[in-house]
Amino acid sequence: MAGSSNQGAADLQRECTRLQIDEEEEGGLEVAGEEDEDNGRVKIDSRYCLVGRFLTDKVINFVAMKNTMAALWRSGKGVCIKDLSPTLFLFQFFHEIDVRRILDSGPWTFDQHILLVHRLGADEQPQNIPLFFTTFWVQIYNLPLGFQSDSILQSIGNYIGSFLESDENNLKGVWRNYMRLRVSLDVRKPLKRRMRLKRTGGDWF
């Protein structure tokens, strides 16, 4: 019996040595689309998923963070929060309204650390997404009347970061103390505290 077993192991080893790694890269595996449920298990719907990390080098207390964010967001359909790693988290919502409200109302914080989030695409891997951007509403003070236009406000937003939207009330009425712009900021770059303006051929102010 032992001799037969040893012979079988030897035969298997010889067969394995004949295997080669296929270096071809043109081929691949094509798979059929999957249904929303598989053997009774509900699949993650990436349409309503956010992936995020907190702007800190400290380890986040996951349980405390999960309870705090769920209480802050008060999602109508609920939220499922999963830790993908000690610093990376998946936030699964169940309705478009909840996702839009969370994205439009940011930035969000936990323990004074900003949450950097990205809406997950159907073909994206959460671990491969660079999370370096956050959104802010910024206030622009002392903008002369001659510079109060939609195009100039958009240019100012793109100077600060990446322009997203302008407060609908910015250009209403006779005078406003400041204008509000929503911009996307790269957290790897320093913030701009001041800005000078001039028209072509004019003077800086």
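As the structure is a computational prediction, the values presented were derived from the model and not from experiment. Heavy atoms only: backbone and side chains are in, while hydrogens, waters and symmetry mates are out.
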Do I156 and Y178 sit in the same hydrophobic cluster, where Ile, Leu, Val, Met, Phe, Trp and Tyr count as joined when their side-chain heavy atoms come under 4.5 Å apart?
-> no
More than 12 non-hydrogen atoms from neighbouring residues, nucleotides or ligands closer than 6.0 Å to NZ on K192, yes or no?
-> yes
Listed by chain and number, what are the side-chain hydrogen bond (donor to acceptor under 3.5 Å, both in side chains) partners of Q148, not counting sequence neighbours?
-> none
In this structure, CE of M179 is separated from CD1 of I152 (nearest 0.5 Å) by 10.5 Å
Say you draw a straight line from CG of L103 to CZ of R100; how long is it, rounded to the nearest 0.5 Å?
-> 5.0 Å
Linking I/L/V/M/F/W/Y whenever any side-chain heavy atoms sit under 4.5 Å apart, do L153 and Y141 land together?
-> no
Looking only at heavy atoms, the pair that brings T134 and V187 closest together is CG2-CG1, 4.0 Å
Quick one: CZ on R47 to CG on L120, what's the gap to the nearest 0.5 Å?
-> 13.0 Å
Close side-chain approach of F91 to L115, heavy-atom, < 4.5 Å = yes
Spacing of E96 atom CD and Y48 atom OH [to the nearest 0.5 Å] = 6.0 Å
Of all the heavy-atom pairs spanning L88 and P126, show the shortest one and how long it is.
-> CD2-O, 3.8 Å
Nearest atoms (heavy-atom pairs only) where E124 meets R119 | OE1-O, 3.6 Å
Hey, any chance W137 and I114 share a hydrophobic cluster, counting ILVMFWY side chains that come within less than 4.5 Å of each other, even indirectly?
-> no
With a cut-off of 6.0 Å (strictly less than), are more than 12 heavy atoms of other residues, nucleotides or ligands near CD of Q125?
-> no
Given the rule that I, L, V, M, F, W and Y join up when any side-chain heavy atoms are under 4.5 Å apart, are L116 and L191 in one cluster?
-> yes
Kindly determine whether W73 and D98 satisfy side-chain contact (heavy atoms from CB on, under 4.5 Å), including the steps that lead there.
-> CA-CA 8 Å; W73 288 336; D98 288 331; over 6 Å; no
How far apart are the closest heavy atoms of I81 and F62, and which atoms are they?
-> O-CZ, 3.5 Å
Are L197 and L171 joined in one hydrophobic group, where the rule is that I, L, V, M, F, W and Y side chains link up if heavy atoms are under 4.5 Å apart?
-> yes
In Å and rounded to the nearest 0.5 Å, what is the CD1 to CZ distance from I160 to F136?
-> 12.0 Å
Can you establish whether the number of heavy atoms outside N169 located under 6.0 Å from its atom CG is more than 12?
-> yes
Heavy atoms only: give me the nearest F54-H113 pair and the separation to one decimal.
-> CD2-O, 3.5 Å
Evaluate the side-chain contact (heavy atoms from CB on, under 4.5 Å) criterion for residues F89 and I60: first the C-alpha distance (whole Å), next the side-chain angles of each, then the deciding distance (0.1 Å), finally the verdict.
-> CA-CA 10 Å; F89 308 97; I60 293 295; 4.0 Å; yes
Looking only at heavy atoms, what is the nearest atom pair of F94 and C80, with distance?
-> CE1-N, 4.1 Å
Look at the side chain of D186 and the backbone N and O of G161, then say whether any donor-acceptor pair between them is shorter than 3.5 Å.
-> no
Does the side chain of R182 come within less than 4.5 Å of D104's, by heavy atoms?
-> yes
Would R188 and F133 satisfy side-chain contact (heavy atoms from CB on, under 4.5 Å), going step by step from the backbone distance to the final call?
-> CA-CA 9 Å; R188 296 166 295 183; F133 295 90; 4.2 Å; yes
Do N158 and Q154 have side-chain heavy atoms sitting under 4.5 Å apart?
-> yes
Any chance you could measure T87, atom OG1, to L55, atom CG, to the nearest 0.5 Å?
-> 12.0 Å
Test log, rule side-chain contact (heavy atoms from CB on, under 4.5 Å), inputs F93 and L50 = CA-CA 8 Å; F93 299 89; L50 305 177; 3.8 Å; yes
Residues, nucleotides or ligands: over 12 heavy atoms within 6.0 Å of I97 CD1 = no
